[in-house]
Amino acid sequence: MASLAAHLLNPVLRFQVKRRLARATEARELRRAFNASLPGPRGVRFTAAVVGIAGEWAEPAAGASPALTLLYLHGGAYIACSSRSHRPITGGFARRGVRVFAPDYRLAPENPYPAALEDGLATYQALLDQGTVPERLAIAGDSAGGGLALAVLLKAKQEGLPMPARAVLFSPWTDLAATGASTVENDKRDPMIKGSKVAEGAEIYLAGADPREPFASPLYGDLAGLPPLMIHVGDNEVLRDDSVRFDATARAAGVTSLLRVWPVVAHVWPMFNAILPEGRQTLDESAAFIRGAVGAAR
């Protein structure tokens with residue numbers, strides 16, 4: 001059963017976010033709305049760094065260094081947001097015993113596809129080069145960052161790089177062709193995103209590239225050999241079927257995939273974990289899934 005907080009948050013998001021997103025026609029409008037640097041949770045240290053590209057580490061402020069490293073790729077339709085905007089999530093993982101690096105990959109329209117993929121892969125390669133062993137490395141992302149995390153995995157596989165131990169995805173955008181039935185079915189139910197805006201946003205990032213190109217839309221890729229996945233999505237989201245279909249395709253390719261479809265919650269609800277019980281529970285489950293890789297490697 002969904003929490004009262006989830007029910008109360010949705011109309012606020014519908015009024016404050018969905019209307020603004022529906023009116024936005026340029027990248028700068030989205031950036032004004034979503035590029036704020038948000039405070040992270042207490043007990044977490046944020047440190048600017050370069051790992052392949054610039055970004056920031058989120059680590060527990062005290063105690064021993066965590067045994068597992070997470071590469072986290074932020075969402076924002078490949079147009080907006082940053083490592084700072086997603087501190088509620090990266091800091092949430094750090095509080096749960098995971099060392100997190102969030103890169104500030106290049107954004108469209110100034111840097112269209114495949115710039116974000118190149119930066120994500122460069123960061124992944126740099127983590128390996130710095131001595132992070134694959135058995136203690138995970139990758140995660142939300143929305144566009146979730147699709148990017150999967151694209152990085154597909155590109156790493158093509159390049160012959162080792163796979164990380166686990167991958168976690170929050171409301172991932174896996175189909176930039178916007179062919180999922182939920183883009184229509186949930187157009188009014190989704191408290192944040194209009195279904196018609198999905199394809200429009202994809203055009204800004206793709207800049208003429210094929211939306212079914214697997215490194216842009218991982219749903220269309222060869223998923224065999226990917227690491228175990230945990231996917232979280234809301235039942236009311238216009239991107240619900242991006243997760244549901246990806247999960248089915250991954251399992252058909254022999255990949256271990258755990259799909260959790262949550263009632264009521266909004267797009268990428270772990271961002272609201274300070275007030276949303278579902279957000280905290282999602283981070284708890286995801287961190288436990290990631291930490292399980294360490295035990296499995298022993």
Side-chain angles (χ1 to χ4, degrees), residues 73 75-78 113-114 116-117 120 138-158 163-164 166-203 205-206 209-270 278 282 285-286 289:
L73 297 162
Y78 296 105
Y113 172 80
L117 174 61
I139 190 169
D142 66 274
S143 195
L148 180 57
L150 292 167
V152 167
L153 291 176
L154 292 176
K155 192 65 173 178
K157 184 177 73 166
Q158 183 187 71
M163 289 289 99
R166 302 280 167 95
V168 171
L169 312 163
F170 303 136
S171 308
W173 192 13
T174 68
D175 178 19
L176 274 62
T179 63
S182 58
T183 59
V184 176
E185 293 172 2
N186 282 346
D187 184 57
K188 296 190 185 321
R189 297 172 65 198
D190 190 312
M192 290 184 66
I193 303 174
K194 285 186 62 66
S196 61
K197 285 290 183 177
V198 176
E200 289 180 24
E203 290 175 1
Y205 173 55
L206 292 169
D210 183 354
R212 289 177 172 81
E213 159 64 45
F215 295 129
S217 294
L219 178 65
Y220 302 102
D222 175 8
L223 307 185
L226 294 190
L229 311 171
M230 174 174 276
I231 306 172
H232 297 273
V233 71
D235 190 42
N236 290 348
E237 293 194 56
V238 295
L239 292 184
R240 180 198 63 205
D241 288 354
D242 281 47
S243 290
V244 172
R245 291 183 298 156
F246 191 89
D247 169 74
T249 303
R251 287 187 287 107
V255 177
T256 298
S257 182
L258 307 174
L259 174 67
R260 181 84 184 272
V261 181
W262 295 73
V264 178
V265 294
H267 183 61
V268 193
W269 66 96
E278 289 91 341
T282 301
E285 293 180 6
S286 300
F289 177 73

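What you see is a predicted model, and the numbers here were worked out from it, not measured in a lab.
For D142 (side chain) and G75 (main-chain N/O), a donor-acceptor pair under 3.5 Å exists by modelled atom type. Side-chain N or O atoms of S182 include one that pairs as donor or acceptor with a backbone N or O of D241 at under 3.5 Å. Between the S217 side chain and the R212 main chain, no donor and acceptor come within less than 3.5 Å of each other. With hydrogens and angles disregarded, a donor-acceptor distance shorter than 3.5 Å links the side chain of T174 to the backbone of D242.
Distance check: W173 CH2 to L150 CG gives 14.0 Å after rounding to the nearest 0.5 Å. If you take CZ on R245 and CG on D175, they are separated by 4.5 Å, rounding to the nearest 0.5 Å. Within the model, atoms CD of E285 and CE of M230 stand 6.0 Å from one another, a figure rounded to the nearest 0.5 Å. Distance check: D187 CG to K194 NZ gives 4.5 Å after rounding to the nearest 0.5 Å.
Residues Y220 and A177 approach most closely at OH-CB, 3.9 Å, considering heavy atoms. When all heavy atoms of L259 and V233 are compared, the pair lying nearest together is CD1-CG1, 4.3 Å. A pairwise comparison of heavy atoms in S257 and D247 identifies OG-OD1, 2.7 Å as the closest pair. Between S171 and E237, the closest heavy-atom pair is OG-OE2, 2.7 Å. Y78 and A144 make their closest contact through OH-O, 3.1 Å (heavy atoms, listed as atom of the first residue, atom of the second, distance). Here the shortest heavy-atom pairing between L176 and A202 reads O-CB, 3.4 Å.
Considering only heavy atoms from C-beta on, L223 comes within 4.5 Å of L154 through its side chain. Between E213 and L206, every side-chain heavy-atom pair lies at or beyond the 4.5 Å cut-off. In this structure the side chain of K157 reaches within 4.5 angstrom of the side chain of D222, judged on heavy atoms. Counting heavy atoms from C-beta on, the side chains of Y113 and F215 come closer than 4.5 Å. Annotation: side chain of P227 is not in contact with side chain of R166 (no heavy-atom distance under 4.5 Å). Side-chain contact check for V152 versus L117: some heavy-atom pair is nearer than 4.5 Å.
Judged as a salt bridge (charged side-chain N to carboxylate O under 4.0 Å, His left out), and not counting sequence neighbours, K155 has no contacts. By the salt bridge (charged side-chain N to carboxylate O under 4.0 Å, His left out) test, E203 is found to be paired with no residue, residues two or more places apart in sequence or in another chain being considered.
Only one option out of N236, T183, V238 pairs with D190 in a side-chain contact (heavy atoms from CB on, under 4.5 Å); it is V238.
Aromatic ring orientation, W269 versus H232: perpendicular (interplanar angle above 60°, classes split at 30° and 60°).
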Are S243 and L169 close enough, and set up right, to give a side chain to side chain contact (heavy atoms under 4.5 Å, CB included), and what steps lead you there?
-> CA-CA 9 Å; S243 290; L169 312 163; over 6 Å; no
